[in-house]
Protein chains: 2
Amino acid sequence: MAECEHDHDGPEGLSGHHLSHALHDAEDRCVRAGERMTQPRRRALELLLEAGKPMKAYDLIEIFGEDGRPAKPPTVYRALDFLAKLGLAHRIESLNAYVACEMGERNHAAAFLICDCCGATEEVEPFAPEKVQAAASKSGYIIEAVTVEAHGRCGACAS
Amino acid sequence: MAECEHDHDGPEGLSGHHLSHALHDAEDRCVRAGERMTQPRRRALELLLEAGKPMKAYDLIEIFGEDGRPAKPPTVYRALDFLAKLGLAHRIESLNAYVACEMGERNHAAAFLICDCCGATEEVEPFAPEKVQAAASKSGYIIEAVTVEAHGRCGACAS
DNA sequence: AGCATCTCGATACATTATATCGGTATCACC
DNA sequence: GGTGATACCGATATAATGTATCGAGATGCT
């Protein structure tokens, strides 16, 4: 999947007070949803936010323990499922990876631009949700969720 | 993923002369592309066409041998990769599955309506390719391929 | 306190996918 | 028709990704 040999590192994630602010926001949102921001859930989100790009579940598993010890897979998968359910993170199907949500509260639906070179992704507004519904109802389908993942190269990697 | 308990069987695939016609077409297309329709490739496509809905790689592996014996995984994955490369089949990322292409020659890009109840899928025209490109270039991305998978229920399962 | 529910950690296992290697088929060219 | 280059195949082994289950602890409700 790494299709070019550019010499740059790709995207940066959050750290310091940006990170703690984001985590605090998430906790808030969580409480308002009537859910609990437990330790493993917070840790999973923290790692995604720090990374600033999609992370594989097993990469998170490796670095999950604050003491450097890996987590058990179900711990991480449960946390990621939870974050996805709340919209705090998204699963990128075409990468088998997870990324922290970059949108605010109001965006359940998401679409992604994905750089196959450096691994960066950008979360964008879904492109034409009404067209999806229209095409679907023409075929009799009721649509509940749409995956949109556009692969290519980011500005830095394309140049 | 099976979210309803309807008592119907979902979609039918091809058989008899519809099947052989489709296979013949595919072979044609293959030759015109300067590629070879070898036995495992033909067999993989035949199974996808017969199924008429997305199939998991390991389900194909189970039934791959004409004599009832399973194939080795690389045999099937290689065949599927080839079919996908030629546009004779598509991978559905959100299902880890593969489905025969329902469009004619001219449709590299595809989008899917997917019934989470009966497993049917319908291949449709991509919804708004120009919007994708527009959104992407606003962010500096050059897009090469887009995955669009809309999940919900088909007419039969919704009713 | 007593009870229901949610969550967690751990073990084991299931599913999905790929790396590699040696042999065979096909094709272009002489 | 031989010769080399390339594409393809079968087989073995292993890697990567994801889940079922179970017992214990935490949380919230009455």
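- Sorted by first and then second residue, the salt bridge (charged side-chain N to carboxylate O under 4.0 Å, His left out) pairs with a member in residues 75-88 of chain B read B/Glu35-B/Lys85; sequence neighbours excluded.
- Going from atom CD of B/Gln39 over to atom P of C/dT26 covers 13 Å, rounded to whole Å.
- Contact annotation: B/Lys72 reaches the phosphate of D/dT12 (side-chain N/O to OP1 or OP2, under 4.0 Å).
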Evaluate the salt bridge (charged side-chain N to carboxylate O under 4.0 Å, His left out) criterion for residues B/Lys53 and B/Glu12: first the C-alpha distance (whole Å), next the side-chain angles of each, then the deciding distance (0.1 Å), finally the verdict.
CA-CA 8 Å; B/Lys53 63 175 186 177; B/Glu12 301 278 324; over 6 Å; no
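- A heavy atom lying under 4.0 Å from DNA chain C marks the following residues of residues 31-38 of chain A, by number: A/Glu35, A/Arg36, A/Thr38.
- Classification of B/Asp25 and B/Arg29 as a salt-bridged pair fails, no side-chain N sitting under 4.0 Å from a carboxylate O.
- For the pair B/Arg43 CZ and D/dC9 P, the computed distance is 15 Å after rounding to whole Å.
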How would you summarise protein contacts on nucleotides 16-21 of chain D per nucleotide, using B for base, S for sugar-phosphate only and - for none, with heavy-atom distances below 4.0 Å?
-BBBBB
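- Atom CZ in B/Arg42 sits about 17 Å away from atom C1' in D/dC9, given to the nearest Å.
- By the 4.5 Å heavy-atom criterion applied to side chains, B/Phe112 and B/Ile92 are counted as neighbours.
- A heavy-atom distance below 4.5 Å is found between the side chains of A/Glu46 and A/Glu66.
- As rounded to whole Å, 16 Å separates atom C1' of C/dT16 from atom CD1 of B/Ile92.
- In this structure, B/Asp67 places its CG atom 12 Å from P of D/dG10, rounding to the nearest Å.
- B/Val146 and A/Leu113 fall within a single hydrophobic cluster, where Ile, Leu, Val, Met, Phe, Trp and Tyr side chains are chained together by heavy-atom contacts under 4.5 Å.
- With hydrophobic clusters built from ILVMFWY side chains whose heavy atoms lie under 4.5 angstrom apart, A/Ile143 shares a cluster with A/Phe127.
- OP1 or OP2 of D/dC9 has not a single side-chain nitrogen or oxygen of B/Thr75 nearer than 4.0 Å.
- The interatomic distance linking B/Glu62 (CD) with C/dA14 (C1') rounds to 13 Å, in whole Å.
- For B/Arg69, the CZ atom counts as loosely surrounded, since its 6.0 Å shell holds 12 or fewer non-hydrogen atoms of other residues, nucleotides or ligands.
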